[in-house]
Amino acid sequence: MSAKRTSIHGQWSSRWAFILAATGSAVGLGNIWRFPYMAGESGGGAFLLLYVVCVLIMGIPIMMAEILIGRRGRQSPVNTMRIIAEEEGYTRQWKWLGIMGVVAGFLIVSYYSVIAGWVLAYVFRAATGSFEGGDPEAIAQMFSDLISDPERLLAWHTIFIMMTVAVVSRGVKSGLEMAVRFLMPALFFLLLVMVGYAMSTERFAEGIMFMLRPDFTAMKENFREVFLNASGHAFFSLSLGMGAIMIYGSYLSDRTSITSAAVLIASADTLIAILASFAIFPLVFTYGLEPAQGPGLIFVTLPIAFGQMPGGVFFGTLFFLLLTFAAWTSAISLIEPAVTWLVENGGISRIKATAYTGLVAWILGIATILSFNHWAFPFTFAGVSKENGIFDIIDILTANIMLPLGGLAIAIFSGWLMSRASTMDELKVKENIYVSWRFVIKFLAPVGVTIIFLNQIGIL
Ligand code: TRP
């Protein structure tokens, strides 16, 4: 039987609207801020290689599973999990998977918004020529001044949450879809301009090779850390494991092919991460900066480059603007599951639901703000040393634990619990493609995620 439900929240106006929105969710700070700094810390090409393997064996199959479950249930991830589980003859307690996703969404958006706030602050700094001269010490000082001032961080965090709430409150078609239709092409264009500039710098080839040539000796030395970072980042970057892609799938027409959409979204996401690193590392090498800088990479090293290059005000503003767009279209997907759940179960309007969700995210964000100043404390977790207490704990808890765990549950649910008839009914692919998907989702993906966990707790 084919489930012919409709979503009370609306539907995308076309297949492309879905692909743009899901790509908008996937492409975010993860691609332009997190990917380059992680790659920089983990030996460039080696990180990219492991990352691509994780996308292929876990990312794409789990994304397909999320879309198909979402489209079949056509409700918030919490209610969708409950309905589909009951329909397949299992306990309604699967709703807890949806609830964990909502919690993960709140945790991620709370810090995501703070970092996006730094980006907003840097749009203005770049535009007013604050980087001019490119004195490395002054620029590093500028960054630490910003993150050590909770009031300024709070102001930018507030603005970003309000931008996110403004879009989500307008609903699927006139909010989410309108935003991505304009922002995604703009983002891609701005990124190409940045890569174009990087091509004109002296050390372009070196920057590219840093990303393309895996340094296997470095990889062997700290394989565990590189692998953990790459696998956690695959979930984070593809927006998997917490219901964001599931809720976007619930607005998708029955006629659209899930397989080709998932392949397109994952390829676009990876392409943009690679392009971002092609825009960033040539500048890092040309201006003699440090690739293994950590989270400050684009806020400390790039402004030095912008301050020294011709047309730096223009390119700097462009860069932080494109990053704002990327963060914005991701943040909306992080709160959409919570908003739809509130609308369905709380019986309130979307506008109210969005306002409450935004308020909770805003309050949680204060913990991240303080972890860069008053509450900062260094700690070591799973062999990795971190400096910013709560921020790092939330980042590790979500990207390295909750998202892979959510992904594992989704793989098991769609591979082992859902009947062949219902998954085939959604995927509607040729037998050989279906068999490959089913094999990967039943065996490879769960084993992959389990290896990540055993690694995490130090057993492997
Ligand atoms: N994928 C986004 C990025 O790379 C962040 C994001 C949006 C996300 N929605 C998500 C991460 C859901 C995990 C789960 O920046």
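In listed order, ligands and their atoms are each counted from 1. Residue indices begin at 1 and follow the sequence shown.
- In this structure, Arg213 has no salt bridge (Lys or Arg N to Asp or Glu O under 4.0 Å) partners at least two apart in sequence or on a different chain.
- By the 4.0 Å N-to-carboxylate-O rule, Asp254 lies too far from Arg5 to be salt-bridged with it.
- Within the structure, side-chain hydrogen bond (donor to acceptor under 3.5 Å, both in side chains) pairs that include any residue of residues 171-194 comprise Ser13-Glu177, Ser13-Arg181, Glu177-Arg181 (at least two apart or interchain).
- For Phe391 and Phe372, the gap between ring centers is short of 6.0 Å.
- Listed by chain and number, Ser25, Ala26, Gly28, Leu29, Gly30, Asn31, Ile108, Tyr112, Phe236, Ser237, Ser239, Met242, Ala244, Ser330, Ser333, Leu334, Leu403 each place a non-hydrogen atom less than 4.0 angstrom from ligand 1.
- For residues 21-36, the side-chain hydrogen bond (donor to acceptor under 3.5 Å, both in side chains) pairs, not counting sequence neighbours, are Ser25-Ser239, Ser25-Ser333, Asn31-Asp269, Arg34-His233, Arg34-Asp395.
- Ring-plane geometry between Phe320 and Tyr122 is classed as tilted, the angle between the planes lying from 30 to 60 degrees on a 0 to 90 degree scale.
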